[in-house]
Amino acid sequence: MSSSSVTNPSAADEALRAQIFQRLHPRVYLERFIAEKIRPDGRTFDEWRNVSVNAGSISTADGSALVRMGETTIVCGVKAEIAEPELDRPEQGFLVPNIDLPAICSPKFKPGPPTEEAQVLSDRLNEALVASGALSLSSLCIHPGKAVWTLYVDCTCINYDGNAFDAALLAMLGALRNTTLPKATYNEETGRTTCSRKTRSPLPLTRNFASTSFGVLDTSHVLSDPTAFEEPLMDVMLTVIVDDRGELISTTESGGAISEETLLRCINRARERALELKD
């Protein structure tokens with residue numbers, strides 16, 4: 001072995017040392033990048049990961065979409081079923097969003113029943129869809145008090161690398177835009193609902209919107225679209241939902257509070273991102 005090989009470690013050795021340091025001291029590892037105005041994956045603080053949406057990816061569903069946001073990959077399928085409406089809302093159908101984070105998508109998830117994180121995400125996705133008002137539940141009515149559509153909007157994470165909420169909401173919206181329902185008719189004499197396979201209609205979505213998430217580190221560093229490595233190291237996580245006209249729908253903070261200045265800056269960046277995603 002030459003002296004040069006001893007004094008000059010190979011690139012592989014350097015990479016291994018960096019991986020070990022990242023695992024043992026993740027916060028310090030991230031802070032060293034932040035000090036250089038860069039992130040571990042090479043992005044700037046304001047930079048988003050590349051996004052792609054492939055609609056109609058599941059032929060057996062009534063609507064579907066596959067979304068890739070960086071390495072995070074989520075597939076969503078919509079299944080429509082006929083049900084009886086609730087007594088106090090005879091003209092409203094049902095929208096049932098759900099997300100599954102299986103063990104295969106990341107080492108952080110274990111086999112078994114749905115994780116608490118998946119349940120919280122499902123609740124947040126439901127709140128976002130309701131708050132947006134993009135789909136009127138009355139449009140899912142087949143016959144008042146007798147028959148309505150129930151839309152099961154099921155997401156599965158194929159690969160998890162952070163920011164599952166933004167990716168899942170984008171997948172759900174893509175799948176709903178891709179959804180068509182057969183023409184359904186309720187027969188009052190027989191009490192049955194029949195569907196025409198020949199005639200299908202798209203859902204009457206009335207609003208185009210997007211979710212953008214940020215991680216805040218040390219109160220002053222705001223990272224757009226955090227990865228799975230960055231997320232648990234953030235002091236505060238913030239999600240902003242706006243429509244493509246710039247109207248604010250909702251904001252959600254977790255882990256602490258942020259300044260009004262930071263919030264306004266994130267809202268403005270979210271408005272820019274919503275226009276990008278629309279295009």
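- When all heavy atoms of D243 and A274 are compared, the closest pair comes out as O-CB, 4.0 Å.
- Judged by a 6.0 Å distance limit and a 45° cone about the ring axis, R124 is positioned over the six-membered ring of F165.
- For the side chain to side chain donor-acceptor pair (under 3.5 Å) test with T239, the passing option among S250, S211, S254, S213 is S213; the others fail.
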* Go through the steps for D161 and T72 under the test side chain to side chain donor-acceptor pair (under 3.5 Å), then give the verdict. => CA-CA 5 Å; D161 189 26; T72 295; 5.2 Å; no

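- With rounding to the nearest 0.5 angstrom, the CZ atom of F209 is 10.0 Å from the CG atom of L170.
- Checking side-chain atoms of E47 against main-chain N and O of T44 turns up a donor-acceptor pair under 3.5 Å.
- A side-chain donor-acceptor contact under 3.5 Å links S139 to the backbone of S136.
- Of the possible donor and acceptor atoms, one in the side chain of S64 sits under 3.5 Å from a partner among the backbone N and O of I58.
- Counted by atom type alone, R177 and N208 present one or more donor-acceptor pairs between their side chains at under 3.5 Å.
- Residues A171 and A65 approach most closely at O-CB, 3.6 Å, considering heavy atoms.
- The hydrophobic cluster containing F45 also contains M234, counting ILVMFWY residues as joined when their side-chain heavy atoms lie under 4.5 angstrom apart, directly or transitively.
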Worked verdict on R39 versus T227 for side chain to side chain donor-acceptor pair (under 3.5 Å): CA-CA 10 Å; R39 296 159 70 175; T227 63; 5.9 Å; no

- [ ] Please step through side-chain contact (heavy atoms from CB on, under 4.5 Å) for the pair I249 and V242, ending with a clear verdict.
- [x] CA-CA 5 Å; I249 296 175; V242 296; 5.7 Å; no

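- Counting only distance, with no hydrogens or angles, the side chain of N54 and the backbone of L66 share no donor-acceptor pair below 3.5 Å.
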Inset, instruction - Go through D225 and R43 one step at a time and tell me if the salt bridge (Lys or Arg N to Asp or Glu O under 4.0 Å) criterion holds. - result: CA-CA 10 Å; D225 184 18; R43 287 185 291 156; 3.7 Å; yes

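- Looking only at distances, a side-chain donor or acceptor of K79 sits under 3.5 Å from a matching main-chain atom of T60.
- Smallest separation of non-hydrogen atoms from I99 and A168: CD1-CB, 3.7 Å.
- Here the shortest heavy-atom pairing between E91 and P144 reads CG-CB, 3.7 Å.
- Rounding to the nearest 0.5 angstrom, the gap separating the CG atom in L95 from the OG1 atom in T150 is 9.5 Å.
- We find that E272 and R269 are not joined by a salt bridge, their nearest charged nitrogen and carboxylate oxygen being 4.0 Å or further apart.
- Salt-bridge annotation for D244 and R271: absent, with no side-chain N of the basic residue lying under 4.0 Å from a carboxylate O of the acidic one.
- With salt bridges taken as basic N to acidic carboxylate O contacts below 4.0 Å, one links R27 and E31.
- There is no path of hydrophobic side-chain contacts, each under 4.5 Å, that joins Y152 to L203.
- With rounding to the nearest 0.5 angstrom, the CG atom of L173 is 7.0 Å from the OG atom of S132.
- Criterion: ILVMFWY side-chain heavy atoms under 4.5 Å apart, direct or through other members. Under it, I142 and L181 are part of a common hydrophobic cluster.
- Note that the CE atom of M172 and the OG1 atom of T179 stand 11.5 Å from one another [nearest 0.5 Å].
- Salt-bridge formation is not detected for the pair K146/E188: no Lys NZ or Arg NE/NH1/NH2 atom is positioned less than 4.0 Å from an Asp or Glu carboxylate oxygen.
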(request) Run the numbers on W48 and F214 for ring pair (Phe, Tyr, Trp, His ring centres under 6.0 Å), then give the verdict. (result) CA-CA 10 Å; W48 310 93; F214 306 88; 5.6 Å; yes

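- No path of Ile, Leu, Val, Met, Phe, Trp and Tyr side chains, each step under 4.5 Å between heavy atoms, connects L151 with F94, placing them in separate hydrophobic clusters.
- Atom CG of residue L176 and atom CG of residue L129 lie 6.5 Å apart, to the nearest 0.5 angstrom.
- Remark: side-chain polar atoms of S106 are not paired, donor with acceptor, to backbone N or O of F109 under 3.5 angstrom.
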Item to check | Audit row: E71, R49, salt bridge (Lys or Arg N to Asp or Glu O under 4.0 Å) steps and yes/no | outcome: CA-CA 9 Å; E71 296 299 320; R49 291 177 290 180; over 6 Å; no

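- Under the 4.5 Å side-chain contact rule for hydrophobic residues, V67 and L277 share a cluster.
- In this structure, a donor-acceptor pair under 3.5 Å is present between the side chains of T262 and S259.
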Checklist entry - Does the pair N163 and D166 meet the rule for a side chain to side chain donor-acceptor pair (under 3.5 Å), with working shown? => result CA-CA 6 Å; N163 203 3; D166 287 4; 3.1 Å; yes

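- For the pair L30 and P40, the tightest heavy-atom approach, listed with the atom from each and the gap, is CD1-CD, 3.7 Å.
- Of the inter-residue distances, the one linking R32 atom CZ with H25 atom NE2 reads 8.5 Å to the nearest 0.5 angstrom.
- Between the side chain of R68 and the backbone N or O of T73 there is no donor-acceptor pair closer than 3.5 Å.
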Exercise. Start with the C-alpha gap between I82 and C195, add the side-chain angles, then the distance that decides, and say whether side-chain contact (heavy atoms from CB on, under 4.5 Å) holds.
Key: CA-CA 10 Å; I82 296 173; C195 295; 3.7 Å; yes

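- Between the side chains of D46 and S224, no donor-acceptor pair of N or O atoms lies under 3.5 Å.
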For the pair L125 and V153, evaluate side-chain contact (heavy atoms from CB on, under 4.5 Å) and give the outcome as yes or no after the intermediate values. CA-CA 10 Å; L125 290 164; V153 190; over 6 Å; no

For side-chain contact (heavy atoms from CB on, under 4.5 Å), just list the numbers for V216 and L223, CA-CA rounded to whole Å, side-chain angles, deciding distance to a tenth of an Å, and then say yes or no. CA-CA 6 Å; V216 182; L223 309 185; over 6 Å; no

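- The two residues C105 and C157 come nearest to each other via the heavy atoms CB-O, 3.2 Å.
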